[in-house]
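Just so you know, ligand 1 is whichever comes first in the structure, and atom 1 is the first atom listed for that ligand.
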Amino acid sequence: MLSSEKFISTLKKKINFFTGVPDSVLKTITFPLEKLNKKSHIIATNEGGAISLAIGYYLTKKKVAAVYMQNSGLGNAINPLVSIANSNVYSVPMLLIIGWRGSPNSKDEPQHIEQGKITLKLLKLLKIKTCILRHDKDLKKISRILKYSQQKKVPVACLVERNVLISRRKIKVKVNKNKLLRSYAISNILKKIKNDTKLISTTGYTSRELFQIRKERNLKNGKDFYMVGGMGHSSMVSLGVALNSKEEVLCLDGDGSLLMHLGSMGLIGNFGTQNFKHILFNNASHESVGCQPTIANSINFKNLSLSLGYKHFFKAKDKKNFLRELNKFLKSKGPSFFEIKIRNHKIENLLRPTKLKKLKTQFIG
Ligand SMILES: Cc1ncc(C[n+]2csc(CCOP(=O)(O)OP(=O)(O)O)c2C)c(N)n1
């Protein structure tokens, strides 16, 4: 077992700037960072952005920054790691702290198992020196690996598996004051949509709640494609589907996911068809991995979506205006955007979508 408190205090002694994309495995070490100011900690919108912030920090401070992420974020990180930070390019040191979902012999979901299998190999291929942290005594490895990073001016990494970090402190999650629940919105969407509507739902609780509500309440309208991985890409999958379908296409997005690849909204504005309907469940947090905040509350989604070419914008904050706006949204000619302000709250004992290939076949029809 590795103490989160000891881990973070070891890091803080050596590092003054932290950035990354939240991960449930690492939540007990990133939670205390949320108190720091923006010069010391920034929650990035995607992992490539986090690597780039660390590069910018080095270019000014000549110091190593720490970049945290789930291993599923390595794909986003690889471009700036290989083509900027690599020792044969600009040679920029930094410490990667990676939550290792799907590590060998652990039980996890299919998308994590695949990523988990290749994580060490990927780091080796990238020539990133890596250590695995499992116990308090492993914290010594951080000093060694950091020294190596500073001397050789290269990125280095440490991997942390699930259920390794323990924390004495309970994480106090700030529940926002929004009135609507995602589960309420999803049930009503499923009741109101047409029989042949196609739904593409984002990574995390949105897909899990959609899967569960459909199953438990036996709501049959529409067909779902759950983006169990590929965070941030549900809107582009939806656009791909909408461009080639006559049926209505509903993308159920989260704010963390939308922000991860925000440029997609511009493509939807330009190329989105009338059948494209984009729903944003905005809880201003990465609820699925520990409720770490996003910048979504500082964004005017009406101005953003309309300026990018969406034809209509709708917004709901409570049950009454939700049902009214949902009706208008579903009747509108897209591309349309519907922002639903939701509380960070999920159904208890959530199921996870299983038999993914079968689900894909059912979706294709
Ligand atoms: C590329 C990538 N980075 C990080 C993660 C870990 N992750 C899974 S869900 C999630 C948060 C999603 O936030 P949001 O879209 O706002 O939905 P919410 O969790 O609030 O329902 C994160 C960071 C991931 N799956 N993939």
Side-chain angles (χ1 to χ4, degrees), residues 19-27 30-31 43-51 67-81 96-102 108-116 119 122 160 162 173-176 178 180-183 185-186 200-213 226-236 238 251-262 264-265 278-297 299 301 339-347 350 352-353:
T19 179
V21 175
D23 170 34
S24 55
V25 171
L26 303 173
K27 68 181 171 202
T30 57
F31 184 68
I43 297 178
T45 51
N46 74 57
E47 292 80 0
I51 299 287
V67 180
Y68 58 85
M69 68 183 79
Q70 182 179 100
N71 53 343
S72 57
L74 264 173
N76 284 333
I78 280 178
N79 178 15
L81 274 176
L96 311 180
I97 304 165
I98 303 171
W100 194 2
R101 294 291 300 265
D108 216 323
E109 295 159 81
Q111 70 278 14
H112 291 303
I113 296 285
E114 274 318 294
Q115 190 75 47
T119 295
L122 211 51
V160 184
R162 241 189 339 173
V173 169
K174 267 195 223 141
V175 177
N176 67 38
N178 295 337
L180 286 167
L181 301 187
R182 184 176 33 228
S183 52
I186 290 176
I200 291 99
S201 54
T202 191
T203 318
Y205 291 162
T206 302
S207 278
R208 292 175 63 186
E209 287 199 342
L210 175 62
F211 177 75
Q212 180 135 349
I213 289 166
Y226 310 104
M227 293 286 287
V228 294
M231 179 178 162
H233 293 301
S234 52
S235 67
M236 283 298 95
S238 306
C251 172
L252 308 189
D253 226 337
D255 49 288
S257 305
L258 183 67
L259 287 164
M260 188 164 262
H261 298 294
L262 198 59
S264 298
M265 280 184 72
H278 201 164
I279 294 178
L280 171 64
F281 290 120
N282 187 0
N283 52 14
S285 66
H286 299 91
E287 188 187 344
S288 310
V289 290
C291 276
Q292 302 83 346
T294 72
I295 53 166
N297 273 346
I299 297 173
F301 284 102
E339 179 187 5
I340 307 171
K341 301 278 271 184
I342 57 159
R343 196 173 310 157
N344 26 15
H345 171 280
K346 69 164 173 71
I347 299 173
L350 263 183
R352 295 174 190 278

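Considering only residues two or more places apart in sequence or on other chains, Phe301 meets the side-chain contact (heavy atoms from CB on, under 4.5 Å) condition with Leu258, Leu280, Asn282, Ala296, Ile299, Leu304, Phe313, Phe337, Glu339. For the salt bridge (Lys or Arg N to Asp or Glu O under 4.0 Å) test, residues two or more places apart in sequence or in another chain that qualify with Arg101 are Asp108, Glu109. For Ser257, the side-chain contact (heavy atoms from CB on, under 4.5 Å) partners two or more places apart in sequence, or in a different chain, are Thr202, Met231, Asp253.
Under a 3.5 Å cut-off, the side chain of Ser238 and the backbone N or O of Ser234 do form a donor-acceptor pair. Checked by atom type and distance alone, the side chain of His278 never pairs as donor or acceptor with a backbone atom of Cys251 at under 3.5 Å. Proximity of a side-chain donor or acceptor of Thr19 to a complementary backbone N or O of Ala50 within less than 3.5 Å is not detected.
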Measure and list all N/O to N/O distances between ligand 1 and the protein that fall under 3.5 angstrom.
unit_1, atom_1, unit_2, atom_2, d
ligand 1, 3 (N), Glu47, OE2, 2.6
ligand 1, 15 (O), Gly256, N, 3.4
ligand 1, 15 (O), Ser257, N, 2.9
ligand 1, 15 (O), Ser257, OG, 2.6
ligand 1, 16 (O), Asp255, N, 3.4
ligand 1, 16 (O), Asp255, OD1, 3.4
ligand 1, 16 (O), Gly256, N, 2.7
ligand 1, 16 (O), Ser285, O, 2.9
ligand 1, 19 (O), Glu287, N, 3.1
ligand 1, 19 (O), Ser288, N, 2.7
ligand 1, 19 (O), Ser288, OG, 2.5
ligand 1, 20 (O), Asn283, OD1, 3.3
ligand 1, 20 (O), Asn283, ND2, 3.0
ligand 1, 20 (O), Ser285, O, 2.8
ligand 1, 20 (O), Glu287, N, 2.9
ligand 1, 21 (O), Arg182, NH1, 3.0
ligand 1, 25 (N), Gln70, OE1, 3.4
ligand 1, 26 (N), Ser72, OG, 3.1

